[in-house]
Colleague: 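Just passing along the structure, written as structure tokens.
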Amino acid sequence: MTAANSLNKIIYADNAATTPIDEDALNLMIELQRKFFANPSSAYKLSRPLKKVLLESREKIAACINAEPNEIIFTSGGTESNNWAIKSSVLEILSERPNIITSAIEHKAILNSCAAMKNLGCTVTKLSVDKIGAVNPDDLRKKILTKTKIISVMLANNEVGTIQPIKSLAEISHAAGKIFHTDAVQAVGHIPIDVKFFGVDMLSASAHKFNGPKGIGFLYIRDGLKILPYLDGGGQEFNLRAGTENIPAIAAMALALEKNCRDMQKTAEKLSACTKNLIDSLRQNKINFIINGGEDRLPGHLSLSFKDCVGETLMHRLDLKNICVATGSACDAGQTKISHVLKAMKIPEDYVRGTIRITFGKGNSEDDAKIIGNNLSKILQKK
Ligand code: PLP
């Protein structure tokens, strides 16, 4: 996004941390917040439009990922969906010391949920990744134990954008009779998602990553999968996640997702032009860098490592030029330690500290990419 004001122009290129809210989604949210304040569970006619909005939003979201409406359960976002998927799968059988399999490069919402369950007696197996950050399906096959209850591998990584072979991983998990969950927070609204084709049992999503509002998301739960409720209370969300529904945010999320899915191909083309421009500019300026992650990455996602540099310094220098990028994942910002993702990928020693993440979104232009490329090159040439 390029936001101009009278004093300066900010180029926002940290869309993996969060995205600016879509104007139509924002307007819808404000309108609903203002006009329809009633509780959607109430029986009078003031509540009826809200019930309809809830129903339609569920249908719209389901259609975007080829799910059924009753398989979409609204949550407060990716962290909650991930906690729910991991914890509820093992809580009922804790005394059997079940095993959880995940990957070494998951978001903290998965890794720390697994750690919490480990403290309660579970065992946790972390699959390693190759140098592009991909899990090997054969490795999963070998690591599944009789005691394994759930396997959770992210669809796309938040630091390097690598897309995992989810269909194969789900097939292997099911062949062994295990539940398969994927954290698709970075992928939903950016690449085509078909839960039936992937064959996943659960999938986490978060609206603020696809131009929706913050504090709202969903967990896809395959029809027929038995899962413990996350919040007990008044029976909302099919008795699985109680609490008065945030209808304005839910409706805005549905609209944002619908729009992103409708424009996906066009946006992806624009984003790949942005990343190409940036890379070309660095190459023309003879900058020494490597691109992390393989070819099969999220559109607009660039994790770059510069030789003998400090990523944090680069991030701050760009910030002085009103350019927003990240060093690792946003949750790790401010920490100078090498992220668990880059460590697991074994990025070469002389490059790894000089890593920044530039993630373009639908509001960016090719000009933004050129400006970032030129500024970054100047900073690196002066170093
Ligand atoms: N999972 C991934 C892969 C993420 O990138 C994030 C956010 O950074 C989350 C989960 C957490 O999502 P939320 O911010 O909605 O809690």
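Every number for a ligand or one of its atoms is a count from 1 in the order of the listing. Side chains included, hydrogens not; waters and symmetry mates left out as well; all remaining heavy atoms used. The shown structure was predicted, so the numbers you read here are calculated from the model rather than taken from an experiment.
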Colleague: When you compare ligand 1 with G78, is there at least one nitrogen or oxygen pair between them that comes in under 3.5 angstrom?
Modeller: yes
Colleague: With no hydrogens and no angle check, do the side chains of S152 and T102 hold a donor and an acceptor under 3.5 Å apart?
Modeller: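 Judged by distance alone, the side chains do not pair up.
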Colleague: In Å, rounded to the nearest 0.5 Å, how long is the span from CG of L298 to CG of N157?
Modeller: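 One finds 8.5 Å between CG of L298 and CG of N157.
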Colleague: At a non-hydrogen distance cut-off of under 4.0 Å, which region of T79 contacts ligand 1 (side chain, backbone, both, or neither)?
Modeller: both
Colleague: Test of understanding: given a 4.0 Å heavy-atom threshold, classify the contact between K214 and ligand 1 as side chain, backbone, both, or neither.
Modeller: neither
Colleague: Does a donor on one side chain and an acceptor on the other come within less than 3.5 Å for H174 and D201?
Modeller: yes
Colleague: Taking only heavy atoms of S206, which atoms of ligand 1 are found under 4.0 Å from at least one of them?
Modeller: 13 (P), 15 (O)
Colleague: I need the atoms of ligand 1 closer than 4.0 Å to a non-hydrogen atom of G77, numbered in the order shown.
Modeller: 15 (O)
Colleague: Pair L94, C122 - check side-chain contact (heavy atoms from CB on, under 4.5 Å), show working.
Modeller: CA-CA 7 Å; L94 269 184; C122 294; 3.6 Å; yes
Colleague: Which ligand 1 atoms, with their elements, are less than 4.0 angstrom from a heavy-atom of M154?
Modeller: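 The list of qualifying atoms is 3 (C).
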Colleague: Quick one: which ligand 1 atoms are inside 4.0 Å of a heavy atom on N82?
Modeller: 1 (N), 10 (C)
Colleague: Can you name the atoms of ligand 1, numbered from 1 with element, that are less than 4.0 Å from a heavy atom of H208?
Modeller: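 Close to H208: 13 (P), 14 (O), 15 (O).
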Colleague: If we set the cut-off at 4.0 Å for heavy atoms, which region of I110 has an atom near ligand 1: side chain, backbone, both, or neither?
Modeller: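 No part of I110 is near ligand 1 at this cut-off.
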Colleague: Output the distance between atom CD1 (I216) and atom CD (E80), rounded to the nearest 0.5 Å.
Modeller: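 With rounding to 0.5 Å, CD1 (I216) is 9.0 Å from CD (E80).
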Colleague: Using a distance-only test with no angle check, is there a side-chain donor-acceptor pair under 3.5 angstrom linking T355 and S305?
Modeller: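 The criterion, which ignores hydrogens and geometry beyond distance, is satisfied for S305 and T355.
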Colleague: For ligand 1, which atoms sit closer than 4.0 Å to a heavy atom of D183?
Modeller: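 So the atoms of ligand 1 that pass are 1 (N), 2 (C), 3 (C), 10 (C).
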Colleague: For ligand 1, which part of E80 has a heavy atom less than 4.0 Å away: the side chain, the backbone, both, or neither?
Modeller: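 The answer is neither; E80 stays 4.0 Å or more away.
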Colleague: Output yes when D138 and R141 qualify as a salt bridge under the 4.0 Å nitrogen-oxygen rule, no when they do not.
Modeller: yes
Colleague: Using a heavy-atom cut-off of under 4.0 Å, does the side chain or the backbone of E106 touch ligand 1, or both, or neither?
Modeller: neither
Colleague: Verify the distance criterion only: is there a donor paired with an acceptor across the side chains of T359 and H301 at less than 3.5 Å?
Modeller: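 Note: T359 and H301 side chains miss the donor-acceptor criterion.
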Colleague: Taking 4.0 angstrom as the limit and counting only heavy atoms of N158, give me the atoms of ligand 1 inside it, by number and element.
Modeller: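 Close to N158: 3 (C), 5 (O).
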Colleague: Judged by modelled atom types alone, do E171 and S168 share a side-chain donor-acceptor pair under 3.5 Å?
Modeller: no
